[in-house]
Amino acid sequence: MPLLSKKSPAAFGLLLCLAALYRCATLSGSGWDHLLVPLAMLSLLILALLLLKRAGFSENALAAALFPLGLAFFLRAFLMPCVTSDYQNFLSHWVEYFRQNGGFLALKDPVGNYNVPYLYMLAALSHLPLNDLYGIKLFSILFDVLLAWGGLRLARTRTADRSVWLITFFSLLLLPTVILNGACWGQCDSVWAALCLHALACALEDKPVPSLVLLALAFSFKLQAIFLIPLWAAFWFAGKLRTHELFAFPLAFFLSISPALMLGKPLGAILSIYLEQAGDSVAWQTVNYNSPSLFSLFPYRFSFSPAAPKLAIAAAFAFMLAVLALLFFRRKHLDGTVYLLAAAALSLGIPFLLPYMHERYFFLGGILLVVWACLWPRHTPAAAGAELASLGGYHAYLMGRYLLPLTLFGTTWAQLLEGLCMLAAILTVTVTFLFSLYGKKSVSL
(Lines give C-alpha, C1' and ligand atoms only; values in the text may rest on other atoms or scores of the structure.)
Protein backbone atom coordinates (compact mmCIF):
# COMPACT_ATOMS: atom_id res chain seq x y z
CA MET A 1 0.00 0.00 0.00
CA PRO A 2 1.42 3.46 -0.86
CA LEU A 3 2.93 5.25 2.10
CA LEU A 4 0.52 8.18 1.81
CA SER A 5 -2.57 6.42 0.49
CA LYS A 6 -5.84 8.25 0.95
CA LYS A 7 -6.89 5.98 3.80
CA SER A 8 -3.64 5.95 5.73
CA PRO A 9 -3.16 7.88 9.00
CA ALA A 10 -0.19 9.56 7.33
CA ALA A 11 -2.48 11.08 4.71
CA PHE A 12 -4.82 12.47 7.36
CA GLY A 13 -1.79 13.69 9.28
CA LEU A 14 -0.45 15.49 6.22
CA LEU A 15 -3.84 17.14 5.76
CA LEU A 16 -3.79 18.28 9.39
CA CYS A 17 -0.29 19.70 8.94
CA LEU A 18 -1.45 21.61 5.86
CA ALA A 19 -4.54 22.81 7.73
CA ALA A 20 -2.30 24.08 10.55
CA LEU A 21 -0.12 25.98 8.08
CA TYR A 22 -3.17 27.40 6.33
CA ARG A 23 -4.56 28.55 9.68
CA CYS A 24 -1.26 30.30 10.42
CA ALA A 25 -1.20 31.94 6.99
CA THR A 26 -4.71 33.36 7.45
CA LEU A 27 -4.33 34.76 10.96
CA SER A 28 -5.14 38.43 11.31
CA GLY A 29 -2.09 40.65 11.07
CA SER A 30 0.33 42.21 8.62
CA GLY A 31 1.72 40.67 5.47
CA TRP A 32 4.83 39.68 7.40
CA ASP A 33 2.66 37.70 9.83
CA HIS A 34 1.09 35.79 6.95
CA LEU A 35 4.56 34.77 5.81
CA LEU A 36 6.59 34.37 9.00
CA VAL A 37 4.05 32.55 11.19
CA PRO A 38 3.45 29.63 8.78
CA LEU A 39 7.19 29.45 8.02
CA ALA A 40 7.96 29.26 11.72
CA MET A 41 5.30 26.62 12.27
CA LEU A 42 6.61 24.60 9.30
CA SER A 43 10.12 24.81 10.79
CA LEU A 44 8.84 23.46 14.10
CA LEU A 45 7.07 20.60 12.31
CA ILE A 46 10.30 19.72 10.53
CA LEU A 47 12.21 19.99 13.80
CA ALA A 48 9.86 17.48 15.45
CA LEU A 49 10.34 15.04 12.57
CA LEU A 50 14.12 15.49 12.63
CA LEU A 51 14.22 14.76 16.36
CA LEU A 52 12.25 11.57 15.81
CA LYS A 53 14.53 10.68 12.92
CA ARG A 54 17.51 11.22 15.22
CA ALA A 55 15.95 8.79 17.69
CA GLY A 56 16.21 6.13 14.99
CA PHE A 57 12.63 5.90 13.74
CA SER A 58 12.13 4.63 10.20
CA GLU A 59 10.45 6.54 7.38
CA ASN A 60 7.32 4.44 7.82
CA ALA A 61 7.21 5.32 11.53
CA LEU A 62 7.70 9.00 10.70
CA ALA A 63 4.89 8.84 8.17
CA ALA A 64 2.58 7.30 10.76
CA ALA A 65 3.69 10.00 13.21
CA LEU A 66 2.33 12.67 10.90
CA PHE A 67 -1.18 12.16 12.26
CA PRO A 68 -0.52 12.94 15.96
CA LEU A 69 2.02 15.55 14.90
CA GLY A 70 -0.45 17.23 12.57
CA LEU A 71 -3.13 17.15 15.26
CA ALA A 72 -0.77 18.71 17.83
CA PHE A 73 0.18 21.56 15.52
CA PHE A 74 -3.35 22.12 14.22
CA LEU A 75 -4.63 22.57 17.79
CA ARG A 76 -1.85 25.07 18.48
CA ALA A 77 -2.50 26.97 15.25
CA PHE A 78 -6.21 27.11 16.12
CA LEU A 79 -5.42 28.68 19.52
CA MET A 80 -2.86 31.21 18.28
CA PRO A 81 -5.25 34.22 18.20
CA CYS A 82 -6.37 33.73 21.83
CA VAL A 83 -5.53 36.73 24.01
CA THR A 84 -5.43 36.52 27.80
CA SER A 85 -5.17 39.21 30.46
CA ASP A 86 -1.54 38.21 31.10
CA TYR A 87 -0.70 39.17 27.53
CA GLN A 88 -2.82 42.32 27.54
CA ASN A 89 -1.62 43.62 30.90
CA PHE A 90 1.99 42.48 30.94
CA LEU A 91 3.69 40.72 28.02
CA SER A 92 2.49 43.06 25.27
CA HIS A 93 3.55 46.12 27.29
CA TRP A 94 7.00 44.66 27.94
CA VAL A 95 7.65 44.00 24.25
CA GLU A 96 6.44 47.49 23.39
CA TYR A 97 8.77 48.96 26.00
CA PHE A 98 11.71 47.20 24.38
CA ARG A 99 10.56 48.38 20.96
CA GLN A 100 10.36 52.00 22.08
CA ASN A 101 13.63 51.98 24.02
CA GLY A 102 16.19 50.40 21.76
CA GLY A 103 15.37 46.70 22.03
CA PHE A 104 18.25 44.89 23.73
CA LEU A 105 19.59 48.21 25.05
CA ALA A 106 16.52 48.43 27.29
CA LEU A 107 17.52 45.26 29.15
CA LYS A 108 19.27 47.48 31.68
CA ASP A 109 15.91 49.00 32.65
CA PRO A 110 13.49 47.59 35.27
CA VAL A 111 11.03 46.14 32.76
CA GLY A 112 8.99 43.03 33.46
CA ASN A 113 9.08 40.64 36.40
CA TYR A 114 10.43 37.66 34.46
CA ASN A 115 14.02 36.49 34.57
CA VAL A 116 16.39 37.97 32.01
CA PRO A 117 16.72 34.96 29.65
CA TYR A 118 13.01 35.31 28.84
CA LEU A 119 13.44 39.06 28.46
CA TYR A 120 16.10 38.36 25.81
CA MET A 121 13.40 36.72 23.73
CA LEU A 122 11.01 39.65 24.22
CA ALA A 123 13.78 42.10 23.29
CA ALA A 124 14.57 40.09 20.14
CA LEU A 125 10.89 40.01 19.26
CA SER A 126 10.75 43.81 19.45
CA HIS A 127 13.16 43.93 16.47
CA LEU A 128 11.11 41.57 14.27
CA PRO A 129 8.25 42.49 11.91
CA LEU A 130 6.06 39.92 13.63
CA ASN A 131 2.92 40.24 15.74
CA ASP A 132 4.04 40.13 19.37
CA LEU A 133 1.34 37.65 20.35
CA TYR A 134 2.34 35.16 17.67
CA GLY A 135 6.05 35.55 18.39
CA ILE A 136 5.60 34.86 22.10
CA LYS A 137 3.50 31.79 21.41
CA LEU A 138 5.84 30.42 18.74
CA PHE A 139 8.70 30.62 21.24
CA SER A 140 6.68 28.51 23.68
CA ILE A 141 5.65 26.05 20.95
CA LEU A 142 9.34 25.56 20.09
CA PHE A 143 9.90 24.41 23.65
CA ASP A 144 6.76 22.26 23.53
CA VAL A 145 8.60 20.23 20.88
CA LEU A 146 11.79 20.19 22.95
CA LEU A 147 9.73 19.18 26.00
CA ALA A 148 8.35 16.18 24.12
CA TRP A 149 11.88 15.34 23.01
CA GLY A 150 13.04 15.51 26.62
CA GLY A 151 10.28 13.10 27.63
CA LEU A 152 11.38 10.71 24.88
CA ARG A 153 14.96 10.88 26.18
CA LEU A 154 13.79 10.05 29.70
CA ALA A 155 11.76 7.10 28.43
CA ARG A 156 14.80 5.94 26.45
CA THR A 157 16.84 5.72 29.66
CA ARG A 158 14.33 3.27 31.11
CA THR A 159 13.31 1.06 28.18
CA ALA A 160 14.51 -0.01 24.74
CA ASP A 161 10.90 -0.24 23.48
CA ARG A 162 10.68 2.37 20.71
CA SER A 163 6.89 2.37 20.82
CA VAL A 164 7.09 3.67 24.41
CA TRP A 165 9.42 6.43 23.25
CA LEU A 166 6.96 7.47 20.57
CA ILE A 167 3.98 7.29 22.92
CA THR A 168 5.82 9.48 25.44
CA PHE A 169 6.74 12.04 22.78
CA PHE A 170 3.20 12.46 21.53
CA SER A 171 1.56 12.17 24.94
CA LEU A 172 3.50 15.25 26.01
CA LEU A 173 2.99 17.10 22.75
CA LEU A 174 -0.78 16.50 22.95
CA LEU A 175 -1.15 17.00 26.70
CA PRO A 176 -3.93 19.59 27.25
CA THR A 177 -1.99 21.62 29.81
CA VAL A 178 1.02 21.81 27.48
CA ILE A 179 -1.13 22.94 24.54
CA LEU A 180 -3.06 25.49 26.60
CA ASN A 181 -0.04 26.84 28.46
CA GLY A 182 1.82 28.09 25.42
CA ALA A 183 -0.48 28.23 22.40
CA CYS A 184 -3.50 29.61 24.28
CA TRP A 185 -2.19 31.33 27.40
CA GLY A 186 1.13 32.52 25.97
CA GLN A 187 2.99 31.31 29.05
CA CYS A 188 6.52 29.89 29.01
CA ASP A 189 6.39 26.93 31.41
CA SER A 190 7.42 24.55 28.63
CA VAL A 191 10.75 26.41 28.47
CA TRP A 192 12.05 25.71 31.96
CA ALA A 193 10.27 22.33 32.14
CA ALA A 194 11.90 21.17 28.88
CA LEU A 195 15.31 22.20 30.22
CA CYS A 196 14.59 20.26 33.44
CA LEU A 197 13.66 17.11 31.49
CA HIS A 198 16.83 17.28 29.43
CA ALA A 199 18.88 17.97 32.55
CA LEU A 200 17.40 14.88 34.21
CA ALA A 201 17.94 12.81 31.07
CA CYS A 202 21.59 13.89 30.93
CA ALA A 203 22.06 12.96 34.58
CA LEU A 204 20.60 9.50 33.95
CA GLU A 205 22.87 9.15 30.88
CA ASP A 206 25.93 9.90 33.08
CA LYS A 207 26.51 13.35 31.58
CA PRO A 208 26.81 15.39 34.79
CA VAL A 209 28.19 18.68 33.42
CA PRO A 210 25.60 19.08 30.61
CA SER A 211 22.98 18.11 33.19
CA LEU A 212 24.02 20.91 35.55
CA VAL A 213 24.27 23.43 32.71
CA LEU A 214 20.71 22.66 31.58
CA LEU A 215 19.46 22.76 35.17
CA ALA A 216 21.04 26.19 35.65
CA LEU A 217 19.42 27.43 32.45
CA ALA A 218 16.05 26.15 33.69
CA PHE A 219 16.53 28.01 36.96
CA SER A 220 17.63 31.14 35.11
CA PHE A 221 14.31 31.09 33.25
CA LYS A 222 11.99 30.35 36.16
CA LEU A 223 12.21 30.08 39.92
CA GLN A 224 9.96 26.98 39.91
CA ALA A 225 12.89 24.86 38.71
CA ILE A 226 13.91 24.90 42.37
CA PHE A 227 11.35 22.14 43.01
CA LEU A 228 13.60 19.72 41.12
CA ILE A 229 17.06 21.07 41.96
CA PRO A 230 17.37 19.15 45.29
CA LEU A 231 17.50 15.89 43.33
CA TRP A 232 21.03 16.78 42.17
CA ALA A 233 22.14 16.43 45.79
CA ALA A 234 21.22 12.76 45.44
CA PHE A 235 23.23 12.48 42.21
CA TRP A 236 26.17 13.98 44.09
CA PHE A 237 26.15 11.75 47.16
CA ALA A 238 25.43 8.70 45.00
CA GLY A 239 28.61 9.42 43.05
CA LYS A 240 26.96 10.29 39.72
CA LEU A 241 28.62 13.70 39.74
CA ARG A 242 31.79 14.94 41.43
CA THR A 243 32.18 17.95 43.68
CA HIS A 244 34.19 20.04 41.23
CA GLU A 245 31.54 19.45 38.55
CA LEU A 246 28.97 21.25 40.72
CA PHE A 247 30.60 24.54 39.73
CA ALA A 248 29.05 24.11 36.27
CA PHE A 249 25.73 25.25 37.76
CA PRO A 250 26.77 28.74 38.98
CA LEU A 251 28.98 29.23 35.93
CA ALA A 252 26.13 28.45 33.52
CA PHE A 253 23.77 30.65 35.51
CA PHE A 254 26.24 33.54 35.40
CA LEU A 255 26.72 33.12 31.65
CA SER A 256 22.94 33.19 31.14
CA ILE A 257 22.65 36.59 32.84
CA SER A 258 25.94 38.05 31.56
CA PRO A 259 24.41 39.70 28.43
CA ALA A 260 22.08 41.71 30.67
CA LEU A 261 24.99 42.56 32.97
CA MET A 262 27.10 43.77 30.04
CA LEU A 263 24.21 45.95 28.89
CA GLY A 264 24.12 47.65 32.26
CA LYS A 265 21.53 45.78 34.31
CA PRO A 266 22.64 45.61 37.97
CA LEU A 267 23.26 42.14 39.39
CA GLY A 268 21.06 42.98 42.36
CA ALA A 269 18.15 43.80 40.06
CA ILE A 270 18.54 40.44 38.29
CA LEU A 271 18.71 38.40 41.47
CA SER A 272 15.91 40.35 43.16
CA ILE A 273 13.48 39.01 40.56
CA TYR A 274 13.48 35.70 42.45
CA LEU A 275 12.54 37.43 45.70
CA GLU A 276 9.91 39.52 43.94
CA GLN A 277 8.34 36.43 42.37
CA ALA A 278 8.16 34.82 45.80
CA GLY A 279 6.86 38.00 47.43
CA ASP A 280 4.24 39.13 44.92
CA SER A 281 1.81 36.39 45.94
CA VAL A 282 2.31 37.12 49.63
CA ALA A 283 1.50 40.76 49.03
CA TRP A 284 -1.97 39.82 47.79
CA GLN A 285 -2.72 38.03 51.06
CA THR A 286 -4.13 35.00 49.27
CA VAL A 287 -2.70 31.57 50.04
CA ASN A 288 -3.87 29.88 46.85
CA TYR A 289 -4.26 30.98 43.22
CA ASN A 290 -6.46 28.35 41.54
CA SER A 291 -3.84 25.69 42.26
CA PRO A 292 -4.72 22.14 43.40
CA SER A 293 -2.56 22.57 46.49
CA LEU A 294 -3.20 21.66 50.12
CA PHE A 295 -4.96 25.00 50.55
CA SER A 296 -7.55 24.14 47.88
CA LEU A 297 -9.02 21.70 50.40
CA PHE A 298 -10.08 24.62 52.59
CA PRO A 299 -12.83 27.17 51.94
CA TYR A 300 -11.65 29.95 49.65
CA ARG A 301 -12.11 32.69 52.24
CA PHE A 302 -10.99 30.56 55.16
CA SER A 303 -9.22 32.67 57.77
CA PHE A 304 -5.84 31.06 58.26
CA SER A 305 -3.60 31.84 61.17
CA PRO A 306 -0.57 34.00 60.21
CA ALA A 307 1.53 31.00 61.17
CA ALA A 308 -0.18 28.67 58.65
CA PRO A 309 1.88 29.70 55.58
CA LYS A 310 5.09 29.37 57.60
CA LEU A 311 4.07 25.91 58.78
CA ALA A 312 3.25 24.93 55.20
CA ILE A 313 6.67 26.10 54.01
CA ALA A 314 8.28 24.11 56.82
CA ALA A 315 6.24 21.04 55.79
CA ALA A 316 7.39 21.39 52.16
CA PHE A 317 10.99 21.70 53.31
CA ALA A 318 10.57 18.65 55.56
CA PHE A 319 9.10 16.65 52.65
CA MET A 320 12.09 17.56 50.49
CA LEU A 321 14.52 16.58 53.25
CA ALA A 322 12.70 13.28 53.80
CA VAL A 323 13.01 12.36 50.11
CA LEU A 324 16.71 13.25 50.11
CA ALA A 325 17.30 11.34 53.36
CA LEU A 326 15.73 8.22 51.89
CA LEU A 327 17.88 8.57 48.79
CA PHE A 328 20.98 9.09 50.91
CA PHE A 329 20.46 5.99 53.03
CA ARG A 330 19.85 3.92 49.87
CA ARG A 331 22.51 5.70 47.78
CA LYS A 332 24.26 2.46 46.83
CA HIS A 333 21.06 0.98 45.40
CA LEU A 334 19.67 3.85 43.30
CA ASP A 335 18.74 3.47 39.65
CA GLY A 336 17.03 5.52 36.99
CA THR A 337 13.57 4.40 38.08
CA VAL A 338 14.15 5.66 41.61
CA TYR A 339 15.47 9.00 40.35
CA LEU A 340 12.51 9.47 38.01
CA LEU A 341 10.01 8.73 40.77
CA ALA A 342 11.87 10.99 43.19
CA ALA A 343 11.78 13.79 40.61
CA ALA A 344 8.01 13.39 40.22
CA ALA A 345 7.48 13.26 44.00
CA LEU A 346 9.53 16.42 44.59
CA SER A 347 8.03 18.44 41.74
CA LEU A 348 4.49 17.61 42.90
CA GLY A 349 4.84 17.28 46.65
CA ILE A 350 6.69 20.55 47.27
CA PRO A 351 4.21 22.86 45.47
CA PHE A 352 1.29 20.92 46.95
CA LEU A 353 2.42 21.83 50.46
CA LEU A 354 3.57 25.38 49.75
CA PRO A 355 1.28 28.42 50.10
CA TYR A 356 0.79 31.06 47.39
CA MET A 357 0.95 28.55 44.54
CA HIS A 358 -0.49 29.31 41.09
CA GLU A 359 -2.26 26.83 38.83
CA ARG A 360 0.80 26.48 36.56
CA TYR A 361 3.26 25.50 39.27
CA PHE A 362 2.43 21.78 38.92
CA PHE A 363 3.43 21.85 35.23
CA LEU A 364 6.71 19.96 35.59
CA GLY A 365 5.30 17.43 38.04
CA GLY A 366 2.43 16.66 35.68
CA ILE A 367 4.87 16.18 32.80
CA LEU A 368 6.97 13.74 34.83
CA LEU A 369 3.85 11.79 35.80
CA VAL A 370 2.95 11.42 32.13
CA VAL A 371 6.43 10.06 31.38
CA TRP A 372 6.01 7.70 34.33
CA ALA A 373 2.60 6.53 33.09
CA CYS A 374 3.95 5.90 29.59
CA LEU A 375 6.59 3.65 31.12
CA TRP A 376 4.20 1.99 33.58
CA PRO A 377 0.69 2.22 32.03
CA ARG A 378 -1.05 0.87 35.14
CA HIS A 379 -0.24 4.20 36.80
CA THR A 380 -2.11 6.18 34.14
CA PRO A 381 -4.95 7.07 36.59
CA ALA A 382 -2.47 8.97 38.79
CA ALA A 383 -1.17 10.96 35.82
CA ALA A 384 -4.71 11.60 34.59
CA GLY A 385 -5.77 12.77 38.05
CA ALA A 386 -2.90 15.26 38.26
CA GLU A 387 -3.66 16.50 34.75
CA LEU A 388 -7.35 17.00 35.53
CA ALA A 389 -6.44 18.81 38.75
CA SER A 390 -4.21 21.23 36.85
CA LEU A 391 -6.76 21.67 34.08
CA GLY A 392 -9.30 22.79 36.66
CA GLY A 393 -7.00 25.67 37.60
CA TYR A 394 -6.42 26.50 33.93
CA HIS A 395 -10.18 26.59 33.38
CA ALA A 396 -10.64 28.94 36.33
CA TYR A 397 -8.11 31.39 34.90
CA LEU A 398 -8.90 31.16 31.19
CA MET A 399 -12.70 31.08 31.59
CA GLY A 400 -12.98 33.27 34.66
CA ARG A 401 -15.04 30.75 36.60
CA TYR A 402 -14.75 27.35 38.25
CA LEU A 403 -15.75 24.28 36.30
CA LEU A 404 -18.13 23.25 39.12
CA PRO A 405 -19.52 26.42 40.73
CA LEU A 406 -21.37 24.59 43.52
CA THR A 407 -19.91 24.96 46.99
CA LEU A 408 -19.53 22.72 50.01
CA PHE A 409 -18.98 24.48 53.35
CA GLY A 410 -17.56 27.47 51.49
CA THR A 411 -15.26 25.43 49.26
CA THR A 412 -16.08 25.08 45.57
CA TRP A 413 -16.53 21.49 44.46
CA ALA A 414 -14.04 22.14 41.67
CA GLN A 415 -11.20 23.19 43.96
CA LEU A 416 -11.95 20.42 46.45
CA LEU A 417 -11.92 17.73 43.76
CA GLU A 418 -8.79 19.17 42.16
CA GLY A 419 -6.96 19.15 45.47
CA LEU A 420 -8.05 15.59 46.21
CA CYS A 421 -7.00 14.40 42.74
CA MET A 422 -3.57 15.96 43.16
CA LEU A 423 -3.23 14.53 46.66
CA ALA A 424 -4.09 11.06 45.34
CA ALA A 425 -1.50 11.41 42.56
CA ILE A 426 1.18 12.52 45.04
CA LEU A 427 0.42 9.67 47.42
CA THR A 428 0.55 7.19 44.53
CA VAL A 429 3.89 8.39 43.21
CA THR A 430 5.37 8.66 46.72
CA VAL A 431 4.33 5.14 47.67
CA THR A 432 5.66 3.81 44.36
CA PHE A 433 8.89 5.70 45.01
CA LEU A 434 9.20 3.94 48.38
CA PHE A 435 8.56 0.54 46.80
CA SER A 436 11.14 1.17 44.08
CA LEU A 437 13.63 2.44 46.66
CA TYR A 438 13.53 -0.85 48.53
CA GLY A 439 13.68 -3.07 45.47
CA LYS A 440 10.04 -4.14 45.12
CA LYS A 441 9.18 -5.72 41.80
CA SER A 442 5.89 -3.87 41.53
CA VAL A 443 7.53 -1.00 39.64
CA SER A 444 9.58 -3.02 37.15
CA LEU A 445 8.83 -2.72 33.45
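FYI, side chains are in, hydrogens and waters are out, and symmetry mates aren't considered; it's all heavy atoms of this structure. Throughout, numbering of the chain's residues begins at 1 and tracks the sequence.
- When side chains are defined from C-beta on, Tyr356 does not count as touching Phe295, because their heavy atoms never get closer than 4.5 Å.
- The closest side-chain heavy-atom distance from Tyr118 to Phe139 is below 4.5 Å.
- Pairs engaging residues 242-269 under the ring pair (Phe, Tyr, Trp, His ring centres under 6.0 Å) rule: Phe219-Phe253 [sequence neighbours left out].
- By the 4.0 Å N-to-carboxylate-O rule, Asp109 lies too far from Lys265 to be salt-bridged with it.
- Under a 3.5 Å cut-off, the side chain of Arg23 and the backbone N or O of Phe78 do form a donor-acceptor pair.
- Applying the 6.0 Å contact sphere to CZ of Phe67 captures no more than 12 heavy atoms from other residues, nucleotides or ligands.
- Panel note: side chain Trp165, backbone Thr159; a donor-acceptor pair is recorded below 3.5 Å.
- No more than 12 heavy atoms of other residues, nucleotides or ligands shown are found within 6.0 angstrom of CD1 on Ile226.
- You'll find the side chain of Leu437 reaches within 4.5 Å of the side chain of Leu334, heavy atoms only.
- Cys184 places a side-chain heavy atom less than 4.5 Å from the side chain of Leu398.
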Considering only distance and modelled atom types, tabulate donor-acceptor pairs under 3.5 Å from the side chains of residues 36-56, sequence neighbours left out.
unit_1, atom_1, unit_2, atom_2, d
Ser43, OG, Leu39, O, 2.9

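- No close placement of the Trp185 and Tyr87 rings is indicated, their centers lying 6.0 Å or farther apart.
- Between Trp372 and Thr428, the closest side-chain pair of non-hydrogen atoms falls below 4.5 Å.
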Original post:
Checking side-chain contact (heavy atoms from CB on, under 4.5 Å) for the pair Leu200/Thr157: CA distance, chi angles, key distance, verdict?
Top reply: CA-CA 10 Å; Leu200 184 56; Thr157 66; over 6 Å; no
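- With a 4.5 Å cut-off on side-chain heavy atoms, Cys188 and Tyr114 count as touching.
- If you look at Phe328 and Phe237, their ring centroids are closer than 6.0 Å.
- For an aromatic pair to be called close, the ring centres must be under 6.0 Å apart, and Trp232 with Phe235 satisfies this.
- In this structure, Lys137 contributes its side chain and Gly182 its backbone to no donor-acceptor pair below 3.5 Å.
- Geometric assessment of Arg242 against the ring of Trp236 yields a negative cation-pi assignment under the 6.0 Å and 45° thresholds.
- When ring centroids are compared, Tyr397 and His358 stay outside the 6.0 Å threshold.
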